[in-house]
Amino acid sequence: VGGGFAGLYAAKALANRDVRVTLIDRKNHHTFQPLLYQVAAGVLSPSQIAAPLRHVLRKAKNVEVLLGDVTGFDLHRRCVKLTGGEEIAYDNLLVAAGARESYFGHDEWSENAPGLKTLDDASEIRRRVLLAFERAEREMALMGRHDPLTFVVVGAGPTGVELAGAIGDIARRVVADDFRLIDTRRANVLLYEGGPRVLPAFSEDLSAKALRQLDELGVKVHLDRLVTGVQPGRVLVGGAWVPASVVLWASGVAASPLGKALGVETDRSGRVSVAPDLSLPGHPEVFVIGDMAKVEGVPGLAAAAMQMGRWTATNVLRDIAGRSRIPFRYCDKGIMATIGKHRAIAQLGSLHVAGFVAWFLWLFVHITLLMGYRNRLGVLREWVWAYLTSQFSARLITGEPAERSVSAPGTVPISLESDTLLTRQTGRP
Ligand SMILES: Cc1cc2nc3c(=O)[nH]c(=O)nc-3n(C[C@H](O)[C@H](O)[C@H](O)COP(=O)(O)OP(=O)(O)OC[C@H]3O[C@@H](n4cnc5c(N)ncnc54)[C@H](O)[C@@H]3O)c2cc1C
């Protein structure tokens, strides 16, 4: 269940082996989440970081891909339940439905502070960011003044830092020459973090370097500051409302509710505690892998999910061969984060790198891991173009009419005609 990093890599490892595999996902594509922020920033287009699952697995004759939304399981009858009421029987079940950001019990904030998890989210964020500039230009044209442009990002983990850096880049370089009346360079990018430093998963020295790099991009970082409320056009920080043209949420982790649907104990994030071989205690035929699994010392990263997927496939094949299972061992290959153009940090064991070299490393790793040669070539071409010209080509505003969700109180609503490259977005709840 799930064609993300864990599920897809498990299916690939079982390809053309003597087993029948059914891969179920509610989407027809695999998304390369580490590059989602580049879609949100308008560097890449959605199709460049995703690949149809059916196509990826076309040569795996024993793998059937099914588009479907899994709602639960019957562990005793060994079947998976889908929304339409259908059931699919299994001998082994691999649950890999991932996680998304957590609003800490305030899911109502998501409307005004979208998170970044899917291609729809990325397109929505890009739409809101670009529309904020459009709205300011229009206010300027009609009223001779505009509300200050303020972009608020909540949470300074990798996603928050990447988003804040990218918006800083857009405002200062990418769209600066496109507008006649407003100075986009004066936009505020505020990054709020509840903890004492940015990128807490990295060492303190790299975290400090990332802070400096954010500062160079004009991002104002506020540490030890919890956002405790979100309303249209503003966020509540330390008891005071801060006006915001756009708010983006990149804080907390909530594992898929399918963890709870397994009927077992989960931690506060909804992750399932698994046995050393990643199986469900009491149900050796069921495995929980990727971001849904709670394994001591294993981070919620694509690399870990891929390893879990491959490892579980190996254990399933060992079961069939009558051999004993091997407990999962995570191979830590390091962590990286980018901060706008040319800037990044990388922690590879005891090697700590920051700046251009880290950015180049980041580029190399992400191109290598992208699914499909066509995507790799396309992304490389866009990056070279963006590097040489400082221009991002995917800057079209698409999505639902602007006045429905982005008009902050006291601003001019924008009504865009049907011939202005607007398409109706259907994916977001
Ligand atoms: C913005 C962002 C940036 C990231 N950057 C990095 C990075 O730079 N490096 C890194 O290592 N990691 C990064 N990560 C983390 C990494 O993407 C995750 O750790 C990884 O995707 C987890 O893999 P997974 O297979 O567990 O879940 P996912 O990849 O999320 O896959 C879950 C799949 O399950 C499907 N699904 C969910 N619910 C259902 C259901 N009920 N029925 C059917 N299908 C369902 C989903 O459609 C999805 O395809 C990032 C994550 C995000 C969101």
Side-chain angles (χ1 to χ4, degrees), residues 1-11 22-41 49-53 56 65-73 80-83 88 94-101 114-122 125 153 155 157-163 166 199 201 248-261 270-272 278 287-295 298-310 312 332-338 344-346 362-363 365-366 369-371 427:
V1 175
F5 286 99
L8 179 58
Y9 278 77
T22 307
L23 178 69
I24 312 171
D25 201 296
R26 53 160 64 133
K27 299 202 178 337
N28 79 335
H29 53 267
H30 168 79
T31 307
F32 192 78
Q33 292 170 15
L35 290 182
L36 271 175
Y37 87 94
Q38 295 227 341
V39 174
I49 65 155
L53 287 166
V56 175
V65 177
L66 292 184
L67 184 68
D69 206 335
V70 174
T71 53
F73 312 94
V80 172
K81 298 176 178 180
L82 303 182
T83 25
I88 296 174
L94 278 64
V95 187
R100 59 169 311 140
E101 66 287 329
L116 181 59
K117 178 69 185 174
T118 63
L119 292 176
D120 290 336
D121 295 337
I125 289 174
V153 180
T159 303
V161 166
E162 284 167 353
L163 275 174
L199 298 170
L248 305 176
W249 194 267
S251 183
V253 179
S256 159
L258 287 185
K260 285 206 173 68
R271 291 179 308 163
V272 176
L278 307 176
F287 298 86
V288 181
I289 53 178
D291 280 0
M292 285 185 71
K294 180 170 193 259
V295 185
V298 180
L301 289 176
M306 287 187 235
Q307 289 178 31
M308 287 191 205
R310 287 199 201 104
T312 305
D332 184 355
K333 293 182 179 160
I335 45 177
M336 299 177 176
T338 45
I345 56 171
W362 178 93
L363 214 108
V365 168
H366 285 76
L369 289 176
L370 251 184
M371 203 60 71

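Atoms within each ligand, like the ligands themselves, are counted from 1 in listed order.
Here the side chain of Lys117 pairs a donor or acceptor atom with the backbone of Ala99 at under 3.5 angstrom.
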What do the steps show when you test Leu116 against Glu162 for side-chain contact (heavy atoms from CB on, under 4.5 Å), and what is the final call? CA-CA 11 Å; Leu116 181 59; Glu162 284 167 353; over 6 Å; no
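By the salt bridge (charged side-chain N to carboxylate O under 4.0 Å, His left out) test, Arg271 pairs with Asp267, sequence neighbours left out. Listed by chain and residue number, nothing satisfies the side-chain contact (heavy atoms from CB on, under 4.5 Å) test with Pro257 (two or more places apart in sequence, or in another chain). Listed by chain and number, the residues in a salt bridge (charged side-chain N to carboxylate O under 4.0 Å, His left out) with Asp332 amount to none (sequence neighbours excluded).
Nearest heavy atom pair, residue Ala50 against residue His29, reads CB-CD2, 4.2 Å.
Within 4.0 Å of ligand 1, the residues that place a heavy atom are Gly2, Gly3, Gly4, Phe5, Ala6, Asp25, Arg26, Lys27, Gln33, Pro34, Gly68, Asp69, Val70, Ala96, Ala97, Gly98, Leu116, Lys117, Thr159, Leu258, Gly290, Asp291, Gly300, Leu301, Ala302, Ala303, Ala305, His366, listed by chain and number.
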